[in-house]
Amino acid sequence: MDLRMYWIVRNGAFAAALYFAMVEHVGWLMYAIGAFAWWQLASSAWAMADPATPPAPAETAAPFASRTVFDAAVLVSLFAAHWHWTAFAYAMSCGCSAMIQARATSKS
């Protein structure tokens, strides 16, 4: 599976989980989404602390505009659901990933 397809599948599953958690009120998905967002933050923070760690392939696979639109939609839906700490973790992980990406391209 190429990197772009991996990005589409991963974020498609994440978007479907958000839909079922918020619209269909599947309660346990809220915890799974929270765990995913906090895991993303932890792995991004770990990569920021260790400069030798390359960025995750999913972060470099999609065009910047697609990533930005998807991340903005996720943040809006997380705030609309009043999952403020999950939205904070997701936003911080996106910011850390962007800084890792910028650092990786500046080294090239």
Side-chain angles (χ1 to χ4, degrees):
M1 183 183 305
D2 69 337
L3 295 179
R4 184 170 294 195
M5 184 61 74
Y6 173 76
W7 185 86
I8 290 170
V9 168
R10 185 189 76 162
N11 288 333
F14 185 58
L18 274 173
Y19 169 79
F20 283 110
M22 291 177 23
V23 177
E24 301 295 329
H25 303 292
V26 179
W28 64 269
L29 277 175
M30 179 180 82
Y31 300 110
I33 291 167
F36 176 76
W38 285 99
W39 173 255
Q40 290 293 103
L41 176 59
S43 62
S44 298
W46 184 265
M48 290 276 299
D50 184 15
T53 305
E59 301 304 326
T60 60
F64 179 73
S66 298
R67 289 182 305 186
T68 303
V69 168
F70 181 82
D71 292 339
V74 168
L75 288 173
V76 165
S77 63
L78 289 175
F79 276 114
H82 302 288
W83 300 345
H84 303 293
W85 286 111
T86 305
F88 167 76
Y90 189 80
M92 287 296 295
S93 68
C94 292
C96 289
S97 296
M99 291 188 335
I100 292 168
Q101 174 91 22
R103 185 173 57 193
T105 55
S106 68
K107 287 183 179 180
S108 300

| request: Work out which heavy atom in A87 is nearest to a heavy atom in L75; give both atom names and the distance. | output: O-CD2, 3.4 Å

| message | Can you give me the closest heavy-atom contact between S44 and S93, atom names plus distance? | response |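 Closest heavy-atom pair between S44 and S93: OG-O, 3.6 Å.
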
Could you tell me the separation between the [atom1] atom of [X] and the [atom2] atom of [Y], rounded to the nearest 0.5 Å?
{"X": "L3", "Y": "I8", "atom1": "CG", "atom2": "CD1", "result": "11.0 Å"}
{"X": "Y19", "Y": "L29", "atom1": "OH", "atom2": "CG", "result": "12.5 Å"}
{"X": "W28", "Y": "F20", "atom1": "CH2", "atom2": "CZ", "result": "10.5 Å"}
{"X": "C94", "Y": "F70", "atom1": "SG", "atom2": "CZ", "result": "9.0 Å"}
{"X": "H25", "Y": "M30", "atom1": "NE2", "atom2": "CE", "result": "12.5 Å"}

| field | Exceeds 12 heavy-atom contacts within 6.0 angstrom, atom CE of M92 | value | no

Out of curiosity, does [Y] fall in the hydrophobic cluster containing [X] (side-chain heavy atoms, cut-off under 4.5 Å, transitive links)?
{"X": "L41", "Y": "W85", "answer": "yes"}
{"X": "V69", "Y": "F64", "answer": "no"}
{"X": "L18", "Y": "V76", "answer": "no"}

pair [X]-[Y]: side-chain heavy atoms closer than 4.5 Å:
{"X": "F88", "Y": "W38", "answer": "yes"}
{"X": "W83", "Y": "Y90", "answer": "no"}
{"X": "Q40", "Y": "C96", "answer": "no"}

